[in-house]
2 protein chains.
Amino acid sequence: MRHWIIDREVALLPSWLEALPQAKLIQRDVIVDLPRGEQAIYWCRLRHGETVSSIFPPIQLEAGQFVVVLADEPDETIVTESLASGASGCCNTYAAPDVLKQVALVVQNGGLWIGQSLLQRVIGSAAAILGRRPQDQEIENWSSQLSEREAQVARLVAVGASNKEVARQLSITERTVKAHLTAVFEKLGLRDRLQLSLRVNGLST
Amino acid sequence: MRHWIIDREVALLPSWLEALPQAKLIQRDVIVDLPRGEQAIYWCRLRHGETVSSIFPPIQLEAGQFVVVLADEPDETIVTESLASGASGCCNTYAAPDVLKQVALVVQNGGLWIGQSLLQRVIGSAAAILGRRPQDQEIENWSSQLSEREAQVARLVAVGASNKEVARQLSITERTVKAHLTAVFEKLGLRDRLQLSLRVNGLST
DNA sequence: TGCGGGATGGTACTTTGGTGCAATAGATTG
DNA sequence: CAATCTATTGCACCAAAGTACCATCCCGCA
């Protein structure tokens, strides 16, 4: 999976380099075409005042190619615009390296990444229709009981990563991943990674 | 897990008996209280013209006790009413035994059961907001590629059931469950049961 | 009537997931 | 400072998941 960072100016943030060491920069204003022929994620930076449509015209992506919008000031409008344009996700430009790694993993597996807080607002209406308690307790709840590291592991497992993959992502041993998972299962009263996934994704109590 | 069927008349359907052989009947018009002290699912039948609120006043349920509405003529209103009243699900009175078994499994694990087609309508607006292709291709797609038996296994696995549990539910060997799963993974291009769960639950491509 | 696919399952095997016990190290806190 | 918590990892072990190969039975269809 190759990573391209597309920015109006030549300015790679340290967090990007840490998360995606092998990423290459494409410096341009408006995207007219993209490198082809291989699996890739195109990280498109959206600076203050820029709109998705202004820098990101409709482009045909090949299978295994995905676009993620890095917004300096993310909001609901940008999220919906991004998705409508065919992007696989939208997150904060200044997100931590670990978050960016998670985004990459989710996206390259065909998922959508919208970010917890943004997602809450976007699907708020659906939650209301379903008559469920608000997302604040529902979705956030699980992570509040965990340490930061445990939550990171839980998130990765929840989107389908194997222990080996989680270990590589977080630069730790597979044994450590297992240790964290055991702690997570214990704290949340779960049986295995599948139930964890359902819990994290809001599909069970 | 004990099963109580609550109906205005004394008329157990054959499909109920097949799905829940040990179920007991409670014959009454309006529910005023429920047997206490053990884990149970209360299946409340809603006949033509009856509304949820008319037979199902607000009742405090204990932990491990769940209510499922069996609607003769299910629609969106009944679904939302049921959930608002604290029920864990709503399905067709005349659903097949296998479906009822699945409902029981989902519900007793703390899940909500709403049924594919009803769920589609209820969360339709959210899908629109998210700018995704309609649920018809998105969610149904996976099952269309599978045989009926394979789809049953997939559904149970997707809500967190182990191979052993699936085997018991469908009255087959654990070995056969594995055989079906291998076929499912092959047909859908998946790696393991977690990815299957994400696929079935519409959380990945 | 033979062929293919689905459902079922037996034996055996490899891989992955998860636990128990124990150790080290840093950070925090009373 | 001692106690506690978190992160990290090793080693051993067991259980669950998944695969490979094969067999039987049934059913629809050319």
Side-chain angles (χ1 to χ4, degrees), chain A residues 18 96-99 101-102 105 109 142-201 204, chain B residues 18 96-99 101-102 105 109 142-201 204:
Chain A
E18 190 179 331
D98 277 341
V99 174
K101 287 182 186 175
Q102 286 170 30
L105 185 62
N109 282 325
W142 66 270
S143 61
S144 68
Q145 308 177 44
L146 307 180
S147 73
E148 186 46 46
R149 205 58 164 164
E150 289 164 351
Q152 290 176 351
V153 172
R155 267 185 283 267
L156 289 170
V157 167
V159 297
S162 67
N163 289 346
K164 203 184 297 287
E165 288 171 333
V166 174
R168 203 178 317 125
Q169 285 287 320
L170 302 183
S171 303
I172 55 180
T173 310
E174 200 174 330
R175 180 64 189 84
T176 307
V177 174
K178 290 182 178 181
H180 286 311
L181 273 180
T182 300
V184 170
F185 296 152
E186 167 67 27
K187 287 185 179 177
L188 299 183
L190 302 173
R191 201 172 56 181
D192 53 37
R193 60 206 299 113
L194 194 347
Q195 297 208 335
L196 174 61
S197 172
L198 295 175
R199 184 80 150 72
V200 170
N201 291 123
S204 74
Chain B
E18 191 180 330
D98 277 340
V99 175
K101 287 182 186 173
Q102 286 170 30
L105 185 63
N109 283 325
W142 66 270
S143 62
S144 67
Q145 307 176 44
L146 307 179
S147 73
E148 187 45 46
R149 206 56 166 165
E150 288 163 352
Q152 291 176 351
V153 172
R155 267 186 283 268
L156 289 170
V157 166
V159 297
S162 68
N163 290 345
K164 203 183 298 288
E165 288 171 332
V166 174
R168 204 178 316 125
Q169 286 286 321
L170 301 183
S171 304
I172 54 180
T173 311
E174 200 175 331
R175 179 63 191 83
T176 307
V177 174
K178 290 183 178 183
H180 287 310
L181 273 181
T182 300
V184 170
F185 296 152
E186 168 66 27
K187 286 185 179 178
L188 300 182
L190 302 173
R191 201 172 56 183
D192 52 39
R193 60 205 301 112
L194 193 348
Q195 298 207 334
L196 174 62
S197 171
L198 296 175
R199 185 80 150 72
V200 170
N201 291 124
S204 74

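What you see is a predicted model; the values in this text were computed from it and never measured. Chain naming here is simple, since letters A, B, ... match the order of the sequence lines and numbering starts at 1 in each.
- To the nearest angstrom, C1' of D:dA15 lies 14 Å from CD of B:E165.
- Between B:L196 and B:L188, some side-chain heavy-atom pair lies under the 4.5 Å cut-off.
- Here the P atom of nucleotide D:dT19 and the CZ atom of B:F185 are 6 Å apart, to the nearest Å.
- A donor-acceptor contact under 3.5 Å is formed by the side chain of B:R175 with the base of C:dG10.
- The distance from atom CD of A:E150 to atom P of D:dC5 is 13 Å, rounded to the nearest whole Å.
- The CD atom of B:E186 sits 13 Å away from the C1' atom of D:dA20 (whole-angstrom rounding).
- Between A:N163 and C:dG17 there is a side-chain N or O to OP1 or OP2 distance below 4.0 Å.
- Summarising the geometry, the separation between CG on B:L190 and P on D:dG18 is reported as 11 Å, rounded to the nearest angstrom.
- No hydrogens or angles were tested; on distance alone, nothing pairs the side chain of B:R149 with the base of C:dG6 as donor and acceptor under 3.5 Å.
- Under the 3.5 Å distance criterion, the side-chain polar atoms of A:N163 are left unmatched by any main-chain donor or acceptor of A:V166.
- The nearest whole Å value for the distance from the CZ atom in B:R193 to the P atom in C:dT16 is 15 Å.
- For the pair A:L188 CG and C:dG18 P, the interatomic distance rounds to 13 Å; values are reported in whole Å.
- Separating the CG atom in B:L146 from the CD atom in B:E186 is a distance of 11.5 Å, to the nearest 0.5 Å.
- Taking atom NZ of A:K178 as the reference point, atom C1' of D:dC14 lies 11 Å away to the nearest angstrom.
- Nucleic acid contact for B:T173: sugar-phosphate only, since backbone atoms but no base atoms lie under 4.0 Å from a heavy atom of the residue.
- Contact annotation: A:S147 reaches the phosphate of D:dA7 (side-chain N/O to OP1 or OP2, under 4.0 Å).
- The OG atom of B:S162 sits 7.0 Å away from the CD atom of B:E174 when rounded to the nearest 0.5 Å.
- For A:H180, the listed nucleotide lying nearest its side chain is D:dA7; candidates were D:dT9, D:dA7, C:dT16.
- Remark: the backbone N or O of B:A161 is paired with a side-chain donor or acceptor of B:R193 at under 3.5 angstrom.
- Contacts of A:T176 with the nucleic acid, taken as non-hydrogen atoms under 4.0 Å apart, include base atoms.
- In this structure, A:T182 reaches the C:dT19 phosphate: one of its side-chain N or O atoms is under 4.0 Å from OP1 or OP2.
- A:A183 comes within 4.0 angstrom of no nucleic acid atom, judged by non-hydrogen atoms across all strands.
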